[in-house]
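The sequence lines fix the lettering, A, B, ..., with proteins before strands; numbering per chain opens at 1. No experiment lies behind these values; they were computed from the predicted model shown.
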Protein chains: 2
Amino acid sequence: MAQPRRGAKQPPVKWLTASELESWLSIVRLLTWLPWSIDQQLHRDSKLSMVEYQVLAMLSDNPDRTMRMSALAEVTNASLSRLSHVVERLERRGFVRRAPDRTDGRFTKAILTDVGFETLAAAAPGHVRHLRSLVIDVLSPEQLRRLGRDAAHIMARIESSGTS
Amino acid sequence: MAQPRRGAKQPPVKWLTASELESWLSIVRLLTWLPWSIDQQLHRDSKLSMVEYQVLAMLSDNPDRTMRMSALAEVTNASLSRLSHVVERLERRGFVRRAPDRTDGRFTKAILTDVGFETLAAAAPGHVRHLRSLVIDVLSPEQLRRLGRDAAHIMARIESSGTS
DNA sequence: CGTTCAAGCTTGAAGTGTCAAGTGAACCGT
DNA sequence: ACGGTTCACTTGACACTTCAAGCTTGAACG
């Protein structure tokens, strides 16, 4: 973002060039509005938020439609606490149920119900169409791959700057 | 995200290929964790959220350190409502004050105070350093420019799919 | 002038996320 | 076998965002 115009005593910081700033502001706009747009579409058409969709989708990808909470948190980029709240809401709506893992009582398994599966199946086409129209089909295959790689690259830096 | 494995009656939807899905999941990870990481750093070092920083930064960029609420909302990617709440908090902390626009009473001007400016000046170096280490310096100048352009490209699609 | 309209902003309630503390199950050393 | 520790998760309080009204000011029209 813009640096203060005057009065900062020469710090050992390389400020952003005009070009860097412009790119960064574009990226920030995307970071703000892309998730927003996806949430809008999902909520309008299926009364689901993106996390909720991701939870259902990830569960549906397993043969037994089941995943441990911690694994689910990992793949949905959610904290365990957040996932716990999300699953609680999904449970109240009958899309998911929970059961303790019999092999290790510390784990909780989240299980996609039939209703949950139907809901996902109904939501998926619209979501994918929206994704395609906003992102996937807007970029060439190479551009998309590059974007994915850049994202992964940045993620690696984030992870190594481990705030955890 | 993963499509349901079976049972969806052939809809007119092109599902994502494995490669597309992989890129998309990378992007989603970035959309989740990059804002998080930036917020962490800002909050840890300066007790500011990213919106708050943006508000201060954008105000500081004006000669009179003043902007109309609506213009400020625009450049910070915030809704007017959200901005109103944010500015209220910043006002309570003494970083910003508000005054009605004398030329048109409908407008409210947000004004950066000296304390707010000092706070921004103190926060900026750390923020920029963090940005550089996560994003700017991780990519080559061309990569960054391309990323910015791709972002702008996607933004254009989002805006034209006007959910407003 | 007076009425209607829209724009710009504020407000309060409801929803969602985060953080810190709490619970209970398994592990580990003695 | 029992005491402490770690792990997996839950819970509740608080903070922030959003959404739907509401308020105030100026413009447009008669």
Output side-chain donor-acceptor pairs under 3.5 Å for residues 67-78 of chain A, partner residues at least two apart or in another chain, one line each.
unit_1, atom_1, unit_2, atom_2, d
A:R68, NE, A:D101, OD2, 3.1
A:R68, NH2, A:D101, OD2, 3.0
A:T76, OG1, A:L72, O, 2.7
A:T76, OG1, A:A73, O, 3.3
A:N77, OD1, B:W33, NE1, 3.1

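Within the structure, side-chain hydrogen bond (donor to acceptor under 3.5 Å, both in side chains) pairs that include any residue of residues 85-95 of chain B comprise B:E52-B:R93, B:E88-B:R92, B:E91-B:R98 (at least two apart or interchain).
When DNA chain C is scanned in the 5' to 3' direction for atoms under 4.0 Å from non-hydrogen atoms of chain B, the outermost contacting nucleotides are C:dA7 to C:dC19.
Using a 4.0 Å cut-off between a side-chain N of Lys or Arg and a carboxylate O of Asp or Glu, A:E159 and B:R29 qualify as a salt bridge. Taking 4.0 Å as the cut-off between side-chain N and carboxylate O, A:D114 and A:R65 count as a salt-bridged pair.
Within 6.0 Å of the CZ atom in A:R132, the count of heavy atoms belonging to other residues, nucleotides or ligands exceeds 12. Under a cut-off of 6.0 angstrom, the local environment of CZ in A:R146 is crowded, with over 12 non-hydrogen atoms contributed by other residues, nucleotides or ligands. Heavy-atom neighbours of A:E22 CD from other residues, nucleotides or ligands within 6.0 Å: at or below the threshold of 12.
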Where along nucleotides 10-19 of chain D does protein come under 4.0 Å, by heavy atom, of base (B) or sugar-phosphate alone (S), with - for untouched nucleotides? BBB---SBBB

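Applying the salt bridge (charged side-chain N to carboxylate O under 4.0 Å, His left out) test to B:R106 and every residue at least two apart in sequence or in another chain returns B:D104.
Here the side chains of A:T66 and A:L112 are not in contact, with every heavy-atom distance at 4.5 Å or above.
Under the side-chain contact (heavy atoms from CB on, under 4.5 Å) rule, A:I27 has a single partner from A:L31, A:L25, A:L30, which is A:L31.
Comparing the local axis fitted to the first five base pairs of the helix from C:dC1-D:dG30 to C:dT30-D:dA1 with the one fitted to its last five gives a bend of 20°, rounded to 10°.
If you find the closest nucleotide of DNA chain C to B:F107 and to A:D104, the one lying nearer the 5' end belongs to B:F107.
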